[in-house]
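It should be emphasised that the depicted structure is a prediction, and the values quoted were computed from it without experimental measurement. When reading the values below, keep in mind they use all heavy atoms of this one structure, side chains included, and skip hydrogens, waters and symmetry mates.
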Amino acid sequence: MPDDARDRIDDFRDSADVDAQVLEQLKNSGPSQGLDSTGSVTVDLDTEGQLAGIRVDPDWQRSLRDTELGSAVVEAYQQAATKRLEGWGEAVERAETDPPRPRPRPGMSDTVAGQLFERFEQTGATIDDTRAMNRLLDMLDELEGAMEQAGDDVDTMSATEVSGRSSSGHVTARVSGTGDPVGLDFDTRWLGRAHAFNIGREAAEALEQARRRLAERTEESPPFARLATLAALAENPSDLATYLGLDDSPPFPGSAR
């Protein structure tokens, strides 16, 4: 490979690694907290933006009617999510001012390509270049098709709602296709005698069940399932060799087949 082409590839790799580090920092930008306008409900999100807890003030009924509690939970969640986005903005600004350094490149033996090369070098296997290239192009076409279908599914799912209930059935929550809460309904007869701690706990349970159901629906979607399969294939040298028609040697020890 010409030196200038190798340099361009190395520069692209370093740039991609810097971007990846910034994304990792965004993902772990820290916990956030939100309150509703009356201060009666507090929502906590963890460092990954997942719901960590919902706390209801013992005197919440002084500020909210029973029918307003669900909206207060959604409002508090939205504020916590907004604060998280603000934290992302600050992290991006820091990265632009003082960008992280590219991490050391992995050794050839630590990459899938390197392991494939070692495999055939050790076994003396022959490679049908045309067949392997055609299979690789087929894989890329399939990946592109799955990504397009997944995008269509995301658009469809974003307009849908998935519901979940607390373990005792006192709270029902609805989340959008993106996993954000859009509404909570409480058993008003139960609210009159429920402890504030239990109200927050059951609200969180209902939201978590709704999100689990959403995740299950996403995993069952054919394009998302195919993307997961292709991703696993690309990370396994033995299976990738078989897929590309390069399976003239035994599988790697410990590889998943």
Side-chain angles (χ1 to χ4, degrees), residues 22-95 154 156-220:
V22 173
L23 288 175
E24 290 169 5
Q25 293 174 13
L26 294 181
K27 182 179 178 182
N28 299 301
S29 59
S32 59
Q33 185 179 98
L35 293 168
D36 75 304
S37 58
T38 69
S40 301
V41 179
T42 304
V43 168
D44 295 302
L45 303 181
D46 64 18
T47 56
E48 296 186 352
Q50 299 299 314
L51 181 65
I54 297 174
R55 289 172 286 151
V56 178
D57 188 276
D59 296 324
W60 67 271
Q61 288 178 309
R62 293 183 180 180
S63 304
L64 297 167
R65 292 190 292 269
D66 291 357
T67 55
E68 295 174 329
L69 184 57
S71 297
V73 173
V74 173
E75 182 184 2
Y77 176 91
Q78 290 173 341
Q79 188 187 77
T82 298
K83 287 184 177 180
R84 179 171 170 78
L85 289 176
E86 291 172 350
W88 285 7
E90 293 172 358
V92 170
E93 289 180 3
R94 289 195 299 270
V154 167
T156 300
M157 291 179 62
S158 64
T160 64
E161 293 183 1
V162 180
S163 63
R165 299 183 68 187
S166 61
S167 57
S168 298
H170 296 132
V171 185
T172 301
R174 302 183 308 281
V175 299
S176 67
T178 58
D180 295 322
V182 295
L184 290 93
D185 298 313
F186 293 85
D187 180 343
T188 53
R189 292 176 297 179
W190 171 74
L191 276 180
R193 54 185 169 80
H195 189 280
F197 174 83
N198 291 329
I199 296 173
R201 176 179 56 80
E202 292 211 26
E205 285 180 358
L207 284 170
E208 286 303 314
Q209 190 197 55
R211 284 179 164 172
R212 284 196 299 271
R213 294 181 63 189
L214 175 64
E216 291 169 359
R217 183 178 298 185
T218 301
E219 291 171 358
E220 292 170 358

Residues that Glu205 engages under side chain to side chain donor-acceptor pair (under 3.5 Å), provided they are two or more places apart:
Ser167, Arg201
Considering only residues two or more places apart or on different chains, which pairs with a residue in residues 35-45 satisfy salt bridge (Lys or Arg N to Asp or Glu O under 4.0 Å)?
Asp44-Arg55
Side-chain donor-acceptor pair present, Thr178, Ser176, cut-off under 3.5 Å:
yes
Pairing residues for Leu51 by the side chain to side chain contact (heavy atoms under 4.5 Å, CB included) criterion, not counting sequence neighbours
Val43, Leu45, Ile54, Ala204, Leu207, Glu208, Arg211
Would you check if the side chain of Glu75 reaches a backbone N or O of Ser37 as a donor-acceptor pair within less than 3.5 Å?
yes
Rounded to the nearest 0.5 Å, what separates atom OG in Ser163 from atom CG in Leu214?
11.0 Å
Does anything in residues 166-206 pair up under ring-ring contact (aromatic ring centres under 6.0 Å, His included), and if so which pairs, sequence neighbours excluded?
His170-Trp190
Side chains of Trp60 and Val41, heavy atoms from C-beta outward: is any pair under 4.5 Å?
no
So, does Glu161 use its side chain to make a donor-acceptor pair with the main chain of Val175 at under 3.5 Å?
no
Is Ser32 reaching over with its side chain to a backbone N or O of Ala80, donor-acceptor style, under 3.5 angstrom?
yes
Listed partners of Asp57 passing side chain to side chain donor-acceptor pair (under 3.5 Å), at least two apart:
none
Any residue meeting side chain to side chain donor-acceptor pair (under 3.5 Å) with Arg65, in chain and number order, not counting sequence neighbours
Glu68
d(Gln61 CD, Asp66 CG) to nearest 0.5 Å is 5.5 Å
By side chain to side chain contact (heavy atoms under 4.5 Å, CB included), which residues pair with Ser63, not counting sequence neighbours?
Thr38, Ser40
Of all the heavy-atom pairs spanning Gln79 and Gly34, show the shortest one and how long it is.
OE1-CA, 3.2 Å
Under the side chain to side chain contact (heavy atoms under 4.5 Å, CB included) rule, collect the residues that match up with Val74, sequence neighbours excluded.
Gln78, Pro181, Leu184
Sorted by first residue and then second, give each salt bridge (Lys or Arg N to Asp or Glu O under 4.0 Å) pair with at least one member in residues 179-189; sequence neighbours left out.
Arg174-Asp185, Asp187-Arg189
What heavy-atom pair brings Val171 and Glu202 nearest, and what distance separates the two atoms?
CG2-CB, 3.7 Å
If you compare all heavy atoms of Ala173 against all heavy atoms of Ala210, which two are closest, and at what distance to 0.1 Å?
O-CB, 4.0 Å
Apply side chain to side chain donor-acceptor pair (under 3.5 Å) to Asp46 and list each qualifying residue two or more places apart in sequence or on a separate chain.
none
Could you tell me whether the side chain of Lys83 and the main chain of Gln33 form a donor-acceptor pair under 3.5 Å?
yes
